[in-house]
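In this chain, residues are counted from 1 in sequence order.
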Amino acid sequence: MAPTRRGGARLADLFVLPTHRGKGIATAVVAALVTPQSGQWLLATWRRDLQAKAFWQRNLPRMGVEVTVPVQDDESDFDIRLIRRAGMTPD
């Protein structure tokens, strides 16, 4: 975990092996890390990884996490979002 330029935190490379998907592992990690006290987090996914993008779009609201999409470079290989526990005010 490392601070972002906006004062939040980021977790690099959360990957769940296919044989362990659907068991709530990513949900448990997000629940443990993205707390009201932890502020904002940077979430980046490869633009070409449609499965990961679909997972986060589907599950972040279920996890009680809000998404803010910062201005992005259209030539970047990543979709970048700031996430935080729902109901929090921005840092």
How about Asp79 and Arg47: do any of their side-chain heavy atoms sit closer than 4.5 Å?
yes
How close do Lys53 and Trp46 get, counting heavy atoms only, and between which atoms?
CD-O, 3.9 Å
What closest approach, in Å, do Arg85 and Val30 show between heavy atoms, and which atom pair accounts for it?
NH2-O, 4.0 Å
Backbone N or O of Gly39 within a donor-acceptor pair of the Arg84 side chain at under 3.5 Å?
no
Residues forming a side-chain contact (heavy atoms from CB on, under 4.5 Å) with Val67, sequence neighbours excluded:
Leu60, Val69, Arg81, Ile83
Glu75: partners by side-chain contact (heavy atoms from CB on, under 4.5 Å), with sequence neighbours left out
Asp73
Do Arg21's NZ or CZ and the ring of Phe15 fall within the cation-pi criteria of under 6.0 Å and 45°?
yes
Given side-chain contact (heavy atoms from CB on, under 4.5 Å), test Ile80 with Leu43 step by step and report yes or no.
CA-CA 6 Å; Ile80 300 171; Leu43 173 64; over 6 Å; no
Separation between CG of Leu14 and OG1 of Thr45, rounded to the nearest 0.5 Å
12.0 Å
Taking the side chain as everything from C-beta on, heavy atoms only, tell me whether Phe78 gets closer than 4.5 Å to Arg48.
no
Would you confirm whether Asn59, through its side chain, and Phe55, through its main-chain N or O, come within 3.5 Å as a donor-acceptor pair?
yes
Test item: Leu82 and Trp41 side chains (from C-beta on) under 4.5 Å apart, heavy atoms:
no
